[in-house]
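Sequential numbering from 1 along the given sequence is applied to the chain's residues. In listed order, ligands and their atoms are each counted from 1.
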Amino acid sequence: VTPRTRNFWGWGWADRFPDEEGRRALAEQAAAMLGIEPPEPRAQPRLESIALPGPAIAPPASLSPFSTGAPALRISHTWGKAYRDLVRGFAGDFSRAPDFVARPRSEEELERVLGWCSQQGVAAIPFGGGTSVVSGVERPPPGSRFAAAVSVDLGALDKVLEVDPLSRAARIQAGATGPALETQLAAHGFTLRHYPQSFEFSTLGGWIATRAGGHFATLYTHIDDLVESVRMITPSGVWQSRRLPASGAGPSPDRLALGSEGILGVITEAWVRVQPRPRYRASAGVFFEAFDAAVDAVRAIAQSGLHPANCRLLDPQEARMNQVAGDGSSVLLLAFESGDHALDAWIGRALAIASGHGGTCPEGPVLRDDGLQAGSTGAAGSWRGSFFEAPYLQTALVSLGIIADTFETACTWDRFPRLHQAVGEAVHEAIRRACGSGGILACRFTHVYPDGPAPYYTFVAPGKRGAELEQHAAVKRAASEALLSCGATITHHHAVGRLHRPWYDQERPPPFALALRAAKAAVDPAGILNPGILID
Ligand SMILES: Cc1cc2nc3c(=O)[nH]c(=O)nc-3n(C[C@H](O)[C@H](O)[C@H](O)COP(=O)(O)OP(=O)(O)OC[C@H]3O[C@@H](n4cnc5c(N)ncnc54)[C@H](O)[C@@H]3O)c2cc1C
């Protein structure tokens with residue numbers, strides 16, 4: 001059997017990339033949506049034809065048993081999966097390839113990599129699944145003080161090492177992907193229940209390093225909430241926190257590791273909170289004529305103490321694009337889950353709140369007590385199908401020269417109306433200027449809190465061949481400025497990386513930047529770990 005291969009320039013499995021006919025059909029659909037002529041599908045790059053820069057350095061004997069400069073691996077470790085990474089990859093540009101890839105099989109081998117990099121002044125870039133959408137895994141740009149760079153791939157450390165059923169926690173290695181850790185936990189009857197959209201390929205270490213957000217709309221939204229303790233190898237020694245349900249002993253070491261984006265150390269394992277698989281589920285799709293009324297309903301549910309597992313509001317454009325509703329309605333997808341109790345009362349109360357704001361639920365709630373998904377049909381089913389298809393769709397659109405990307409944020413409820421308006425105006429204006437025509441902007445709430453939502457925006461616009469990166473950068477800049485000027489964050493869960501650095505620098509307090517620099521200098525004196533990320 002031929003092993004399944006990954007698309008080396010785009011998202012996911014190579015065999016999921018649409019054929020010529022599929023791309024032509026997509027071109028027609030996109031053109032109808034954007035009011036343009038259908039673009040011609042462009043030829044995909046070929047792995048054998050990629051011209052890589054010669055490596056500045058080769059693996060030394062001490063690292064060679066687990067390191068390689070093989071072109072295919074240098075290529076797959078060059079970029080993450082941001083829109084601009086896909087465009088560069090599709091153009092065959094892998095000019096920032098690491099000089100070699102090290103894949104340590106133990107902490108001892110990892111310590112050897114960090115020791116050698118510190119001694120030689122070589123940049124070490126931690127690499128989990130490489131699904132970063134903020135340029136978090138690419139080497140420093142040309143002209144930096146690092147002439148050589150090694151990608152440190154955690155993929156060989158992918159085991160669930162221990163399960164504590166009494167405290168409901170598991171010790172898991174950082175390189176385990178979502179499916180790898182869930183399969184191993186299932187053997188013990190547990191689940192981590194952390195499902196980012198990139199679940200299939202991203203890793204526990206990457207989630208912790210970026211403070212990833214899972215599917216859960218309320219309560220345990222970020223991986224932060226599931227982490228009990230973290231083990232990280234730094235050039236200055238092992239950083240291991242104690243397993244505790246909670247602690248008031250000073251600033252938490254885990255809080256510094258969470259979101260450290262590979263600059264303080266390499267996370268090798270973590271104890272995480274697990275739970276039995278849910279048995280009871282309840283879900284419903286609620287339709288609203290006005291988006292503002294739907295926002296009010298979501299706020300009331302977020303403040304009700306009901307804590308739905310899903311509370312995803314789709315604006316009319318988002319509902320249309322995902323084939324959930326095509327009549328201009330906004331749609332709220334609600335779901336509750338429990339391993340312990342039936343949820344009729346919870347979904348009933350949430351629907352009563354929604355109906356008090358004008359929402360209707362024509363199909364009624366779906367209730368199950370057999371552990372199966374409640375929402376595999378209707379609005380929830382349509383949404384689920386297109387949610388997992390979306391990254392493949394973006395990759396296919398890039399091959400048609402169409403700009404398609406997302407950005408996300410969070411703000412307090414009092415600021416949301418102004419933010420939403422400002423983002424709409426800024427993005428549409430930037431698309432008009434950069435692309436010379438109208439584009440599409442859609443919004444959904446991925447997470448909601450009692451004090452505010454996390455809005456997630458998708459934009460689609462016609463690209464000009466060869467100018468897509470500049471056009472995209474102009475729209476991204478306009479969107480980011482709007483977020484910051486309205487008091488929102490530059491990212492709710494996508495992290496900072498190289499892409500968000502200018503706005504992150506404005507968002508954080510200056511003394512905190514000093515503290516972060518001092519922390520890095522203490523644990524990474526040679527400054528080799530992911531240079532340029534979060535701080536200079
Ligand atoms: C299609 C798509 C959907 C996505 N959906 C979501 C989503 O729903 N929620 C969400 O939060 N994000 C999402 N992302 C972004 C991305 O998947 C997350 O940031 C994820 O946490 C990255 O994990 P990774 O293992 O791929 O890390 P990588 O991309 O390999 O690395 C990300 C960063 O973490 C550092 N890092 C990785 N592993 C370690 C380690 N062991 N120790 C120290 N540093 C490390 C890297 O140096 C880099 O800075 C999505 C991305 C894509 C492409």
Side-chain angles (χ1 to χ4, degrees), residues 7 10-12 76-77 79-83 85-86 98 104 107 110 114 123-139 149-158 172-178 180-181 194-217 221-224 230-234 239 257-270 312 387-395 404-408 446-447 454 456 458 491-501 524 529-534:
N7 180 334
W11 175 256
S76 63
H77 288 71
W79 311 119
K81 294 287 177 255
Y83 168 80
D85 299 333
L86 306 189
E107 287 190 347
L110 172 61
L114 298 186
I125 322 290
F127 188 100
T131 66
S132 169
V133 280
V134 292
S135 300
V137 290
E138 69 192 46
R139 69 187 293 164
V150 177
S151 181
V152 185
D153 185 325
L154 275 291
L157 302 173
D158 66 348
I172 306 179
Q173 289 183 306
T177 60
L181 68 83
H194 179 74
Y195 294 110
Q197 194 183 26
S198 56
F199 172 80
E200 195 174 0
F201 301 108
S202 55
T203 64
L204 176 63
W207 298 342
I208 295 173
T210 60
R211 301 182 67 190
H215 279 190
F216 286 89
T221 58
H222 282 84
I223 191 73
D224 310 30
V230 175
R231 185 172 166 90
M232 193 160 74
I233 304 296
T234 79
W239 173 313
L258 282 156
S260 56
E261 301 196 21
I263 71 161
L264 298 179
V266 180
I267 298 157
T268 53
E269 54 184 70
R312 196 163 298 236
F387 184 68
F388 287 112
E389 203 45 48
Y392 285 102
L393 184 63
Q394 185 195 30
T395 291
D405 198 11
T406 63
F407 60 93
E408 39 78 64
T446 54
H447 305 81
Y456 183 104
T458 300
T491 175
H492 169 266
H493 59 263
H494 277 170
V496 177
R498 295 185 190 283
L499 186 62
H500 288 151
R501 241 326 271 290
D524 176 21
L529 278 165
N530 224 354
I533 302 295
L534 298 179

> Determine, considering heavy atoms only, which of T131, T210, L157 sits nearest to atom 16 (C) of ligand 1.
T131
> Starting from atom 10 (C) of ligand 1, which protein heavy atom do you reach first, and at what distance in Å?
H493 CD2, 3.3 Å
> Which heavy atom of the protein is the closest neighbour of atom 25 (O) of ligand 1, given with residue, atom name and distance?
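In this structure, atom 25 (O) of ligand 1 has T203 OG1, 2.7 Å as its nearest protein heavy atom.
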> I'd like to check which ligand 1 atoms, numbered from 1 as shown, lie under 4.0 Å from a non-hydrogen atom of N530.
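Once the distances to N530 are compared, the set is 47 (O), 49 (O).
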> Could you tell me whether the side chain of E107 reaches within less than 4.5 Å of the side chain of E269, counting heavy atoms only?
yes
> Which heavy atom of the protein is the closest neighbour of atom 3 (C) of ligand 1, given with residue, atom name and distance?
Q197 OE1, 3.5 Å
> Counting from 1, what ligand 1 atoms have a heavy atom of P391 closer than 4.0 Å?
1 (C)
> Would you call H494 and T406 a side-chain contact if the rule is heavy atoms closer than 4.5 Å?
yes
> E408 versus T491: any side-chain heavy-atom pair under 4.5 Å?
yes
> How far apart are the C-alpha atoms of V133 and L499, what are their side-chain angles, what is the distance that settles it, and do they pass the side chain to side chain contact (heavy atoms under 4.5 Å, CB included) test?
CA-CA 8 Å; V133 280; L499 186 62; over 6 Å; no
> For atom 24 (P) of ligand 1, what is the nearest protein heavy atom, given as residue, atom name and distance?
G129 N, 3.4 Å
> Please report whether ligand 1 has a polar contact with A174, defined as an N or O pair separated by less than 3.5 Å (distance criterion only).
no
> For atom 42 (N) of ligand 1, which of L534, L86, I267 has the closest heavy atom?
I267
> Which residue supplies the protein heavy atom nearest to atom 31 (O) of ligand 1, what is that atom called, and how far is it?
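Protein heavy atom with the smallest distance to atom 31 (O) of ligand 1: V137 CG1, 3.5 Å.
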> Is any N or O atom of W11, backbone or side chain, closer than 3.5 Å to an N or O atom of ligand 1?
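N/O-N/O distance below 3.5 Å does not exist for this pair.
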> If the plane angle is over 60° it's perpendicular, under 30° parallel, otherwise tilted; pick one for F127 and H77.
tilted
> Any heavy-atom pair between the side chains of V496 and V134 that's under 4.5 Å?
no
> Where is the nearest protein heavy atom to atom 47 (O) of ligand 1: which residue, which atom, and how far?
P126 O, 2.6 Å
> With a 4.0 Å cut-off on heavy atoms, is I125 touching ligand 1?
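Outside the 4.0 Å threshold, so no.
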> How long is the gap from CG on L264 to CG on N530, to the nearest 0.5 Å?
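Taking CG in L264 and CG in N530, the distance rounds to 10.5 Å.
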> For ligand 1, which atoms, with element, lie under 4.0 Å from some heavy atom of G265?
43 (C)
> Find all atoms of ligand 1 within a distance of less than 4.0 Å from any non-hydrogen atom belonging to V133, and give their numbers and elements.
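Close to V133: 15 (C), 51 (C), 52 (C), 53 (C).
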> May I ask you to list the atoms of ligand 1 that are less than 4.0 angstrom from any heavy atom of S132?
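Once the distances to S132 are compared, the set is 29 (O).
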> Quick one: does P531's side chain get under 4.5 Å of I125's, heavy atoms only?
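Counting from C-beta outward, P531 and I125 do come under 4.5 Å.
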> Evaluate the ring planes of H215 and F388, with Trp represented by its six-membered ring, and classify them as parallel (under 30°), tilted (30 to 60°) or perpendicular (over 60°).
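Tilted, since the angle between the ring planes falls between 30° and 60°.
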> Nearest to atom 11 (O) of ligand 1, what protein heavy atom do you find, and at what distance?
G213 N, 2.8 Å
> Ring pair (Phe, Tyr, Trp, His ring centres under 6.0 Å) with H194: which of F199, F216, W207?
W207
> Give a yes/no on ligand 1: does I533 have at least one heavy atom closer than 4.0 angstrom to it?
no
> Quick one: which ligand 1 atoms are inside 4.0 Å of a heavy atom on G136?
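Reading through ligand 1 atom by atom, the close ones are 47 (O), 48 (C), 49 (O).
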> Side chains of E138 and D85, heavy atoms from C-beta outward: is any pair under 4.5 Å?
yes
> Hey, what's the ring geometry for W11 with F201, parallel, tilted or perpendicular (30° and 60° as the breaks)?
perpendicular
> Can you confirm whether F407 sits close enough to H500 that some side-chain heavy atom of one is under 4.5 Å from a side-chain heavy atom of the other?
no
> Which atoms of ligand 1 are found less than 4.0 Å from any heavy atom of A212?
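Counting atoms of ligand 1 from 1, those under 4.0 Å from A212 are 11 (O), 21 (O).
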> Starting from atom 34 (O) of ligand 1, what is the nearest protein heavy atom, named by residue and atom, and what distance separates them?
A209 CB, 3.4 Å
> Among T177, L154, I267, I172, whose side chain to side chain contact (heavy atoms under 4.5 Å, CB included) with L204 holds?
I172
> Identify which of G497, G262, S198, S151 has a heavy atom lying nearest to atom 2 (C) of ligand 1.
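Answer by nearest heavy atom: S198.
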> Does the side chain of T446 come within less than 4.5 Å of R312's, by heavy atoms?
yes
> Give the atom numbers and elements of ligand 1 that come within less than 4.0 Å of a heavy atom of F127.
30 (O)
> Determine, considering heavy atoms only, which of A176, G128, S202 sits nearest to atom 30 (O) of ligand 1.
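Minimum heavy-atom distance to atom 30 (O) of ligand 1 goes to G128.
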> Name the option, out of G206, G205, G130, G155, that contains the heavy atom nearest to atom 28 (P) of ligand 1.
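The option holding the nearest heavy atom is G130.
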